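Hydrogens, waters and symmetry mates are skipped; everything else that's a heavy atom, side chains included, is used. As the structure is a prediction and not an experimental result, all values here were calculated from the model. Residue numbers start at 1 and run along the sequence shown.
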Amino acid sequence: MKYQAKLTALSQAAECLIIGVYENSEFSKSFNEIDLATKGYLNGLIQSGELTGKLGQTLLLRDLNGLAAKRILIIGCGKKGELSERQYKQLIQAMLKALKESNIREAVCCLTEVELSHRDLYWNIRFAIETIEHSNYQFDQFKSQKAEPIKLEILIFNTDCSQAQQAIAHAKAIAKGVKAARDIANMPPNVCNPAYLACQAKNLAEKSPALSLEVIDETMMADLGMNAYLAVSRGSTNPAYMSVLHFNNAPNKNTKPIILVGKGLTFDAGGISLKPAADMDEMKYDMGGAASVFGTMKVLAELNLPLNVIGVLAGCENLPDGNAYRPGDILTTMNGLTVEVLNTDAEGRLVLCDTLTYVERFEPELVIDVATLTGACVVALGQHNSGLMSEDEHLVSDLLNAAQQTTDKAWRLPLGEEYQEQLKSPFADLANIGGRWGGASTAGAFLSHFTKKYRWAHLDIAGTAWLQGANKGATGRPVSLLTQFLINQVK
Ligand code: BES
Ligand code: MN
Ligand code: ZN
């Protein structure tokens with residue numbers, strides 16, 4: 001679908017004009033203009049009670065006397081001045097549904113007049129495009145019967161504001177990155193294994209001159225001493241690959257890189273500490289962190305941001321077989337710390353600890369890891385907020401700010417020395433689990449042993465990376481948050 005921004009006179013011919021109407025008889029500029037041109041037709045609808053302006057109401061009118069536009073689509077915007085971001089997105093979805101049902105190909109959108117509290121036109125347009133692209137997403141490549149694509153080809157935002165072009169460019173690029181992340185995460189685990197992740201990274205790197213790829217295979221991991229990572233991989237016949245995507249685009253090529261590390265468990269059966277059967281299929285999404293890092297790297301390339309960023313996809317599979325690692329095993333990690341394995345299902349932190357040690361060599365400006373790490377995080381925060389853990393106040397504030405801006409929400413959870421108590425082992429430097437309580441924080445506390453050499457934050461996306469139920473599937477989160485964080489780093 002195409003998006004444009006240009007100021008269009010409502011008296012001009014158009015296939016469809018989209019205008020907003022508020023509850024409590026407050027009218028938008030375009031509403032008043034059309035009402036005047038149609039000699040009070042819209043007001044008549046309000047008087048008769050057919051048009052209320054209730055949030056999400058839609059009314060499609062054809063061939064109104066006095067209007068050159070063939071149709072107008074009226075969208076209820078609720079009470080003026082009270083529109084939240086979430087309600088705005090609902091209203092955009094209602095608009096999309098009405099456009100879809102009526103097979104409209106081209107529309108001029110005057111919802112640019114709709115005010116979001118504390119938001120300017122940039123966000124009005126950005127949220128609209130991101131919502132439309134998100135709603136139009138289908139993952140039907142394994143279906144014989146494909147869904148009918150929407151007929152809408154072009155949406156013109158009615159504005160000449162200079163911010164609009166940037167909003168369109170950002171939204172389109174982010175929507176592409178989100179789609180890419182959703183596609184890889186939704187891919188079934190018999191297709192999407194660690195080699196597949198590396199292959200996707202290769203394809204992406206080949207498309208952009210600023211991107212290059214390094215792939216670390218199991219032989220190289222063994223040479224590097226990445227024994228915790230390798231232990232997790234041993235139970236699977238699909239070998240592990242760690243893909244390292246370098247985006248080197250800062251004006252000064254020697255600028256220290258920002259590093260994004262994604263947990264890439266293409267399937268997590270739990271290993272010998274096998275998970276229960278119910279919902280185990282969802283563990284194909286255990287590479288959601290890697291998928292979001294991949295999507296973010298794609299946006300970076302698309303927007304050509306002047307930054308040095310390294311994205312690492314820590315691909316691996318956790319299965320039980322005769323060669324699998326066991327509870328009781330003691331592993332020597334790449335940084336020398338030993339870990340007693342008490343549960344092979346706490347594998348994410350084992351893969352990540354060696355990856356986090358590996359990235360020291362790039363002398364990072366800062367490192368953010370993104371991982372579907374703990375069920376405990378979902379218990380704590382549900383499915384709306386990702387868990388953010390870090391002791392770097394500045395980094396926390398930058399990440400929470402990006403989360404708030406994008407509505408790709410995050411909430412801070414504690415780290416701290418208290419949680420270290422729970423990770424003590426009589427036989428090794430660390431245990432890989434910390435008992436029943438505070439599981440998201442003990443996982444974070446475990447990782448903190450491997451991040452001492454740089455500024456670091458951890459995002460637990462176990463609750464936000466995918467949805468269950470009728471709308472089940474990958475969400476593409478937190479591509480939007482990460483991208484915004486990076487866009488803000490440029491300024
Ligand atoms: N990938 C899972 C975390 C997970 C579980 C995400 C359910 C989303 C939904 C992770 O590898 C895991 O299994 N974590 C264990 C850790 C426990 C053994 C300490 C968990 O959360 O149960
Ligand atoms: Mn697990
Ligand atoms: Zn896992």
Side-chain angles (χ1 to χ4, degrees), residues 3 5 7-8 10 16-61 64 67 69 71-102 104 107-135 155-161 163-164 167 171 382-385 403-409 471 480:
Y3 301 95
L7 202 58
T8 318
L10 300 187
C16 182
L17 285 179
I18 304 165
I19 64 167
V21 58
Y22 295 109
E23 256 170 317
N24 55 19
S25 330
E26 289 208 57
F27 303 125
S28 61
K29 188 168 150 282
S30 53
F31 183 95
N32 285 329
E33 218 175 306
I34 290 173
D35 191 51
L36 200 67
T38 58
K39 303 204 163 59
Y41 190 88
L42 299 188
N43 241 314
L45 290 171
I46 289 189
Q47 296 313 325
S48 71
E50 279 160 273
L51 186 60
T52 61
K54 214 169 141 268
L55 187 85
Q57 185 189 29
T58 59
L59 195 60
L60 185 66
L61 306 169
L64 290 192
L67 264 195
R71 298 177 191 80
I72 61 170
L73 174 59
I74 309 180
I75 313 286
C77 299
K79 296 203 176 71
K80 192 170 181 179
E82 289 184 14
L83 198 65
S84 69
E85 288 94 351
R86 187 155 174 269
Q87 290 172 328
Y88 177 69
K89 290 179 187 178
Q90 285 168 347
L91 159 176
I92 294 291
Q93 277 166 350
M95 172 192 88
L96 192 65
K97 183 161 175 276
L99 289 170
K100 199 166 182 174
E101 282 166 0
S102 44
I104 290 165
V108 176
C109 178
C110 302
L111 297 180
T112 41
E113 297 166 350
V114 173
E115 274 169 39
L116 273 155
S117 24
H118 313 295
R119 299 278 184 173
D120 55 16
L121 186 80
Y122 171 92
W123 289 103
N124 172 306
I125 293 179
R126 208 177 119 176
F127 284 149
I129 296 175
E130 286 185 44
T131 304
I132 291 168
E133 294 297 315
H134 209 276
S135 308
L155 188 65
I156 301 162
F157 292 97
N158 194 8
T159 175
D160 61 355
C161 177
Q163 286 177 305
Q383 301 201 289
H384 306 296
N385 280 272
Q404 189 269 333
Q405 285 178 292
T406 54
T407 72
D408 190 350
K409 296 186 175 185
N471 297 322
S480 192

For this session: Check step by step if side chain to side chain contact (heavy atoms under 4.5 Å, CB included) holds for Ile75 and Val114.
Result: CA-CA 11 Å; Ile75 313 286; Val114 173; over 6 Å; no
For this session: Evaluate the criterion side chain to side chain contact (heavy atoms under 4.5 Å, CB included) for residue pair Ile18 and Ile72; output intermediate values, then yes/no.
Result: CA-CA 6 Å; Ile18 304 165; Ile72 61 170; over 6 Å; no
For this session: Mind running side chain to side chain contact (heavy atoms under 4.5 Å, CB included) on Arg71 and Ile104 for me, showing each step along the way?
Result: CA-CA 9 Å; Arg71 298 177 191 80; Ile104 290 165; 3.9 Å; yes
Problem set entry | Verdict with supporting geometry, Leu111 and Leu91, side chain to side chain contact (heavy atoms under 4.5 Å, CB included) | CA-CA 10 Å; Leu111 297 180; Leu91 159 176; 3.8 Å; yes
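The main-chain N or O of Leu7 is never found under 3.5 Å from a side-chain atom of Asp160 such that the two would form a donor-acceptor pair. Side-chain atoms of Gln87 come within 3.5 Å of backbone atoms of Ser84 as a donor-acceptor pair (strictly under, hydrogens ignored). Tyr41 places no side-chain N or O within donor-acceptor distance of the main-chain N or O of Leu64, the cut-off being under 3.5 Å. Proximity of a side-chain donor or acceptor of Gln57 to a complementary backbone N or O of Gly53 within less than 3.5 Å is detected. Using modelled atom types, no side-chain atom of Thr112 and backbone atom of Phe157 make a donor-acceptor pair closer than 3.5 Å. Between the side chain of Thr52 and the backbone N or O of Ile46 there is no donor-acceptor pair closer than 3.5 Å. Using a distance-only test at 3.5 Å, with no hydrogens or angles considered, a donor-acceptor pair links the side chain of Asp35 to the main chain of Asn43.
To the nearest 0.5 Å, atom CG of residue Leu96 and atom OG1 of residue Thr131 are 9.5 Å apart. Atom-to-atom distance recorded for Glu33:CD and Ser30:OG is 7.5 Å, nearest 0.5 angstrom. Rounded to the nearest 0.5 angstrom, Arg126 CZ and Thr406 OG1 are separated by 7.0 Å. To the nearest 0.5 Å, the span separating CD on Glu82 from CG on Leu116 amounts to 13.0 Å. Here Gln90 contributes atom CD and Ile92 contributes atom CD1; the two are 11.5 Å apart, rounded to the nearest 0.5 Å. Atom-to-atom distance recorded for Gln163:CD and Trp123:CH2 is 11.0 Å, nearest 0.5 angstrom.
Ionic pairing of Glu85 and Arg119 is present here: one or more N-O contacts between side-chain nitrogen and carboxylate oxygen are shorter than 4.0 angstrom.
For Lys89 and Phe127, the positive end sits near the middle of the six-membered ring, less than 6.0 Å away and at most 45° from its axis.
When side chains are defined from C-beta on, Leu10 counts as touching Cys110, because their heavy atoms get closer than 4.5 Å. Counting heavy atoms from C-beta outward, Met95 and Leu155 have side chains that approach closer than 4.5 Å.
Between Leu42 and the choices Leu36, Ile74, Val21, the side-chain contact (heavy atoms from CB on, under 4.5 Å) rule is met once, by Ile74. The side-chain contact (heavy atoms from CB on, under 4.5 Å) test with Ser28 singles out one residue from Glu113, Lys80, Glu115, and that residue is Glu113.
Annotation for Cys77 and Leu83: closest pair O-CD1, 3.6 Å, computed over non-hydrogen atoms. When all heavy atoms are compared, the tightest approach of Thr58 to Ala94 is CG2-O, 3.7 Å. Taking each heavy atom of Ala128 and Tyr88 in turn, the nearest pair found is CB-OH, 3.7 Å. Considering all non-hydrogen atoms of both residues, Thr159 and Ala164 come closest at CG2-CB, 3.9 Å.
Under the 3.5 Å distance criterion, with hydrogens and angles disregarded, a donor-acceptor pair is assigned to the side chains of Tyr3 and Glu133.
Other residues, nucleotides and ligands contribute over 12 non-hydrogen atoms within 6.0 Å of the CD atom of Gln405.
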